[in-house]
Amino acid sequence: MPADAAPSRPKTVLLWFRKDLRLADNAALATAVDEGAEVIPVYILEPEDAGTGPLGAAQAWWLHHSLEALASSLMHHGSGLVLRRGPASEVLKALISGTGADAVFWNRRYDPPGIAIDKAIKADLTERGLVVRSFAGQILHEPTKLKTGAGGNFRVYTPFWKALEASGEPAEPIPAPARIPSPASPPKSDALEDWALLPTKLNWAKSFEGPWQPGETGAQKRLAAFVQSGLKGYRTRRDFPGEAHVSMLSPHLALGEISPASVWHATRGLSEDYSSEDYIHFRKELVWRDFSYHLLFHFPDLSTRNWSAKFDAFPWRDAPDLLEKWQKGQTGYPIVDAGMRQLWQTGWMHNRVRMIVASFLIKDLLIDWREGERWFRDTLVDADPASNAASWQWVAGSGADAAPFFRIFNPTSQGEKFDPEGVYVRRFVPELKDMPDKFIHKPSEAPLTVLREAGVSLGKTYPLPIVDHGKARDAAMAAFQGLKGE
DNA sequence: TGGCTGTTTCC
DNA sequence: GAAACAGCC
């Protein structure tokens, strides 16, 4: 064989796990195993200044447990997980020289800093004679593959959805390999504990343990449970935060413990008692995640810059005291406070309530949406650079295909509409649990006798509204009108 | 994937 | 006088 013939079948593959912490539907892993290579799975904790952005505290908690789950699962497949920290290019080079690996495989990521890192590594390692291969699977359709009829990039969701639908079903998920061949002496791993991913305020994330099971098994269980029960009635009931009609798959998707294609296909071939209305609407939500990545890919500053430059002149208020009350769930608007406390206690918030609390921060408090984006990034277990940024801009009105700015949620009527009996509010704002339904979303309008009977003392056991929504709405409209004249 | 307000419609 | 509707923000 000529010396310069690149080996098409590598002997030893470094399998670089990133936000794809799963064995099923993992194209990079499946290919390495199929080609008969010995596989060295590695996870690299990249420094924040590498450009991949700071890891939020809630997601760091999740990552810790997810890596434990992945390591354990790999062990059951005859393999193991090598943990290393540092700039990915250096870590990979050290591992290559230490193991004699002749290839590096990974599944592609789509955040712009990650893309830049991967591109440089691919060029460098290829130059050094390694086989470097990357695979798809983190989103349903790669951003470069969907174009408008005119050849441009989508800026409106509905045409994006139609194009995606028209491009056919996503590929069938690939089963997890039965066994993963491992080299005789795999490299040493860091101790996960040394990474200090768990929060030091221990009693904070403690409450995450009830609702969540990080890792691939937890993801699959969550999906099965959702398809079994939550999906029925999804279209109409998904907006009711007191009910269990949303999938809660977002944190699993954020770290790739399950692939979006697996989720898509789980809603196929259902029996007749499933309404197509329900699973089509569910898929549409899944595709918003793709749309967000599409936007981020073509607008890398999505989390820091207004998509619509018109908003650059918006007179945001500097109000750290109000911001803190919002963060702590002490606004005096029960649905807002319930949402913010659900976020703090569980690392997650129901989507309808995310829209309400975001509208409140932006339009009632007139605080820059970037403050909200930052808080969510730090406290959400599902923090995702694309979805989070795109969704905040959507609510702010500055984003692509965004809600018009003048669509200002009334937190009281939203509460009454989507949590009519206050089930959700009572769960997260227990000091209001004995309020009658009629006043559960507007305790400040309740007669004194009603408050006394419910054990509520406004301003003491529960805050008075920190702003008057009617006035706040007028102020927001005025600020927006001012923008138009710019 | 709204809300507000004035107006009409229908008991 | 509530409920539905339209036009506007």
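Everything numeric here is computed off the predicted structure, so don't read it as measured data. Here is how names work: the chains are called A, B, and so on, in the same order as the sequence lines, proteins then strands, and each is numbered from 1.
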Original post:
What's the CZ-C1' distance between Arg473(A) and dC4(B), to the nearest Å?
Top reply: 6 Å
**OP:** Verify the contact: side-chain N or O of Asn410(A) to OP1 or OP2 of dC4(B), cut-off strictly under 4.0 Å; return yes or no.
**Re:** yes
**OP:** Figure out the CZ/C1' separation between Phe418(A) and dG2(B), and round it to whole Å.
**Re:** 9 Å
Subject >> Value in whole Å for how far the P atom of dC4(B) lies from NZ of Lys471(A) >> reply: 16 Å
**OP:** Measure the distance from CD1 on Ile356(A) to C1' on dG2(B) and round it to the nearest whole Å.
**Re:** 12 Å
**OP:** Return no unless some side-chain N or O of Gln414(A) is found under 4.0 Å from OP1 or OP2 of dT1(B).
**Re:** no
Original post:
What's the CZ-C1' distance between Phe409(A) and dG3(B), to the nearest Å?
Top reply: 10 Å
Original post:
Side chains of Leu253(A) and Pro260(A): closer than 4.5 Å at any heavy-atom pair?
Top reply: yes
Subject >> Distance, rounded to the nearest Å, where Arg289(A) contributes CZ and dT1(B) contributes P >> reply: 22 Å
Original post:
Out of dG2(B), dC4(B), dT1(B), which nucleotide sits closest to the side chain of His469(A)?
Top reply: dC4(B)
Original post:
Within 45° of the axis and under 6.0 Å from the centre of the six-membered ring of Trp264(A), does NZ or CZ of Arg283(A) qualify?
Top reply: yes
Original post:
Atom CZ of Arg352(A) to atom P of dG2(B): distance rounded to whole Å?
Top reply: 5 Å
Original post:
What's the CZ-C1' distance between Arg238(A) and dT1(B), to the nearest Å?
Top reply: 6 Å
**OP:** Ignoring backbone atoms, establish whether Arg407(A) has a side-chain N or O less than 4.0 Å from OP1 or OP2 of dC8(C).
**Re:** no
**OP:** Assign the ring pair His294(A) / Phe291(A) to parallel, tilted or perpendicular, where the plane angle (0 to 90°) is split at 30° and 60°.
**Re:** parallel
Original post:
Charged N to carboxylate O below 4.0 Å: is that the case for Arg354(A) and Asp382(A)?
Top reply: yes
